[in-house]
Colleague: 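Next up is a structure, given as structure tokens.
Since we're looking at a predicted model, the values are computed, not measured.
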Amino acid sequence: MSSDRNENGTTIIGRPSLTFSEKSISLELNSRLALRTFRSTTATKSSQSQRSNRRRADQIRSPARMSGLIPFSIAGLGFIFISLIESSLFSSSSPYHPLRLRYLSTLTLSSLFLLSSVISVFTSVSSSGDLLGASLPLSSLAASLLFVLYAFSGLLSLPPLSLLPLPSSLLDLLVIFSFGQEFIYFYLRRKDLDGIENRYFDLLLVPILLCIISTILVISWPRSSAPRLARAAGLALQGTWFLQMGFSFFTNAIAYGCQIHEKSRANYTIKCKSHEDYHRARSIATLQFNCHLALLIAIGAGLYMFAVKKKGDSNSSGYRPLHKEVQMGGGPSRFTLDSDEEEGEIAVESDGPKSDELALDVPEENGFVEKISRD
């Protein structure tokens with residue numbers, strides 16, 4: 001306790017005086033409290049600045065992301081349109097018009113691929129100086145040029161011009177080489193081994209391989225419609241998967257915990273925060289592909305049932321009564337089944353003379369032969 005004396009000599013009792021250790025403890029507590037306050041304010045300001053920087057980065061990257069989304073969307077819609085043309089070849093009375101439209105669509109889509117590759121090369125070199133991003137699009141030029149050659153050759157071989165009359169088997173062989181180059185391009189496109197985009201590219205190899213196998217079967221059985229329908233299904237699956245890749249890579253539809261890292265227009269990779277996020281993102285990609293495959297099978301089965309029903313209705317109108325075909329005379333006739341006559345014959349007898357009889361040989365079925373006679 002501290003005490004002071006006034007002028008009259010009385011003692012005034014005040015508050016107890018703090019020792020040196022107590023003063024140092026209180027000073028330390030005050031400094032810690034001030035340090036915590038400073039840290040909290042600093043963290044708040046840094047988080048706000050990080051949010052603002054992220055918003056600015058998103059605003060800056062949004063045109064780049066749109067520039068990546070547009071090529072994938074155009075490629076997907078182009079493949080779907082070509083698959084519809086491929087499937088319409090069987091219902092068209094004149095196949096030359098769908099063939100010309102298919103060649104024109106293939107030429108347009110391949111030319112757009114070439115243009116996109118050239119733009120990616122120039123933007124990677126000029127804007128960011130990314131040499132790897134400039135070299136990646138060059139590897140896709142071989143497949144695009146082969147598709148352009150196929151489309152030009154097909155257009156020149158169609159009547160009425162027929163400037164370059166090539167057999168359909170040679171054109172299909174050119175398509176096999178084109179799909180083979182596309183397969184090699186996406187199989188070897190592994191810039192970052194841990195990137196999630198590799199799983200999407202691996203799944204894209206399935207419809208490409210389906211197109212290659214179906215085209216080989218088209219060459220082997222040119223009059224069969226099943227291989228061409230399988231190729232149309234492969235093209236449609238490529239188109240839907242290109243659309244899925246565009247939205248998964250360049251929008252917020254990507255898996256949680258993963259983010260795209262772009263150095264240039266063609267040089268990008270998708271990285272995740274943890275090992276569990278990588279597994280979840282790969283599983284989501286496989287599930288998405290299974291959904292696309294199931295949707296394609298459901299739509300294909302529905303269209304096939306509709307086509308079979310329509311074909312059955314059109315064939316039902318071609319039946320004619322049997323008596324219109326076998327009636328030989330002008331008088332009335334009566335048909336009876338007689339199984340006691342000679343095997344392998346159908347006798348049609350009329351009320352007229354014997355010279356009007358008609359006998360038709362029919363192969364045996366089920367071990368017995370039926371004979372029809374007209375009395």
Colleague: Return the CD to OG1 distance between Gln288 and Thr240, rounded to the nearest 0.5 Å.
Modeller: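 The CD atom of Gln288 sits 11.5 Å away from the OG1 atom of Thr240.
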
Colleague: In Å and rounded to the nearest 0.5 Å, what is the CG to CD1 distance from Leu205 to Ile184?
Modeller: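 CD1 of Ile184 is found 11.0 Å from CG of Leu205.
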
Colleague: With a 4.5 Å limit on heavy-atom distance, are the side chains of Leu210 and Phe179 in contact?
Modeller: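 Answer no - side chains too far apart.
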
Colleague: Could you check whether any side-chain heavy atom of Met245 comes within less than 4.5 Å of a side-chain heavy atom of Phe250, counting everything from C-beta outward?
Modeller: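 No, too far: nothing below the 4.5 Å cut-off.
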
Colleague: Check for me, please, whether Leu188 and Leu204 land in the same ILVMFWY cluster - side-chain distances under 4.5 Å, paths through other members count.
Modeller: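 The answer is yes; both residues are in one hydrophobic cluster.
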
Colleague: Search all heavy atoms of Ala281 against all heavy atoms of Cys272 and return the closest pair with its distance.
Modeller: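 Nearest pair, atom of Ala281 first, then Cys272: CB-SG, 4.2 Å.
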
Colleague: Once you round to the nearest 0.5 Å, how far does OG of Ser139 lie from CZ of Arg189?
Modeller: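 Reported to 0.5 Å precision, the distance equals 7.5 Å.
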
Colleague: Show me the donor-acceptor pairs within less than 3.5 Å that the side chains of residues 72-82 make with the rest of the protein, sequence neighbours left out.
Modeller:
residue : atom : partner : partner atom : Å
Ser73   : OG   : Leu69   : O            : 3.0

Colleague: Please determine whether residues Leu170 and Leu163 belong to a single hydrophobic cluster, defined as Ile, Leu, Val, Met, Phe, Trp and Tyr linked transitively by side-chain heavy-atom distances below 4.5 Å.
Modeller: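 Per the 4.5 Å side-chain linkage, Leu170 and Leu163 are co-clustered.
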
Colleague: Of the non-hydrogen atoms in Arg100 and Pro159, which two are nearest, and what is the gap between them?
Modeller: NH2-O, 2.7 Å

Colleague: Let me check something: any side-chain donor-acceptor pairs from residues 105-122 under 3.5 Å, sequence neighbours excluded? List them with distances.
Modeller:
residue : atom : partner : partner atom : Å
Ser105  : OG   : Leu101  : O            : 2.8
Thr106  : OG1  : Arg102  : O            : 2.8
Thr108  : OG1  : Leu104  : O            : 2.8
Ser110  : OG   : Thr106  : O            : 2.8
Ser111  : OG   : Leu107  : O            : 2.7
Ser116  : OG   : Arg265  : NH1          : 3.4
Ser117  : OG   : Phe113  : O            : 2.9
Ser117  : OG   : Ser140  : OG           : 3.2
Ser120  : OG   : Ser116  : O            : 2.9
Ser120  : OG   : Arg265  : NH1          : 2.4

Colleague: Is there a donor-acceptor pair closer than 3.5 Å between any side-chain N or O of Glu197 and the backbone N or O of Ile270?
Modeller: yes

Colleague: Find the distance between CZ (Arg228) and OG (Ser87) and round it off to the nearest 0.5 Å.
Modeller: 12.5 Å

Colleague: Membership question, hydrophobic clusters at under 4.5 Å side-chain separation (ILVMFWY): are Leu295 and Leu293 in the same one?
Modeller: no

Colleague: Say whether Leu84 and Leu303 are linked into one hydrophobic cluster, either directly or through other cluster members, by side-chain heavy-atom distances under 4.5 angstrom.
Modeller: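 In one cluster: no.
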
Colleague: Taking atom CD1 of Ile176 and atom CD1 of Ile216, what is their separation to the nearest 0.5 Å?
Modeller: 4.5 Å

Colleague: Atom CG in Leu203, atom CG in Asn290: separation rounded to 0.5 Å?
Modeller: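 Reported value, rounded in 0.5 Å steps: 8.0 Å.
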
Colleague: Between Phe152 and Tyr103, does the ring centre distance come in under 6.0 Å?
Modeller: no

Colleague: Check Glu276, His275, Arg282 against His279 for a side-chain hydrogen bond (donor to acceptor under 3.5 Å, both in side chains) and give me the one that passes.
Modeller: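 Only one option passes, and that is His275.
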
Colleague: Is it the case that the side chains of Asp277 and Ser274 hold a donor-acceptor pair, with the cut-off being a distance below 3.5 Å and no angle test?
Modeller: yes

Colleague: Considering only heavy atoms from C-beta outward, does the side chain of Ser124 approach that of Asn267 to under 4.5 Å?
Modeller: no

Colleague: Hey, is CZ on Phe186 packed in by over 12 heavy atoms from elsewhere, all under 6.0 Å?
Modeller: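 Enclosed: over 12 neighbouring heavy atoms sit under 6.0 Å from CZ of Phe186.
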
Colleague: With distance as the sole test, does Ser153 use its side chain to make a donor-acceptor pair with the main-chain N or O of Tyr150 at under 3.5 Å?
Modeller: no

Colleague: Should Thr286 and Arg199 be marked as a side chain to side chain contact (heavy atoms under 4.5 Å, CB included) after you check the CA-CA gap, both sets of side-chain angles, and the distance that decides it?
Modeller: CA-CA 8 Å; Thr286 306; Arg199 174 56 62 90; 3.0 Å; yes

Colleague: When you group the ILVMFWY residues by side-chain heavy-atom contacts below 4.5 Å and let the links chain together, are Leu138 and Phe183 in the same group?
Modeller: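 As far as the 4.5 Å side-chain criterion goes, Leu138 and Phe183 are connected within one cluster.
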
Colleague: Compare all side-chain heavy atoms of Ile196 with those of Tyr278 and state whether any distance is below 4.5 angstrom.
Modeller: yes

Colleague: Verify the ring-centre separation between Phe201 and Tyr187: is it less than 6.0 angstrom?
Modeller: no

Colleague: Just by distance, do the side chain of Arg280 and the backbone of Tyr256 share a donor-acceptor pair under 3.5 Å?
Modeller: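 Yes, because the side chain of Arg280 sits within donor-acceptor range (under 3.5 Å) of the backbone of Tyr256.
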
Colleague: Can you tell me which residue pairs pass the ring pair (Phe, Tyr, Trp, His ring centres under 6.0 Å) test with a partner in residues 202-241, sequence neighbours excluded?
Modeller: Tyr200-Trp241, Trp241-Phe289, Trp241-His292

Colleague: What's the shortest heavy-atom distance between Ser224 and Pro227, and which atoms?
Modeller: OG-CD, 3.4 Å

Colleague: Looking only at heavy atoms, which two atoms of Thr269 and Gly195 are closest? And how far apart?
Modeller: OG1-CA, 3.8 Å

Colleague: For Cys211 and Gly234, which heavy atoms make the closest approach, and how far apart are they?
Modeller: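 In terms of heavy atoms, the two residues are closest at SG-C, 3.6 Å.
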
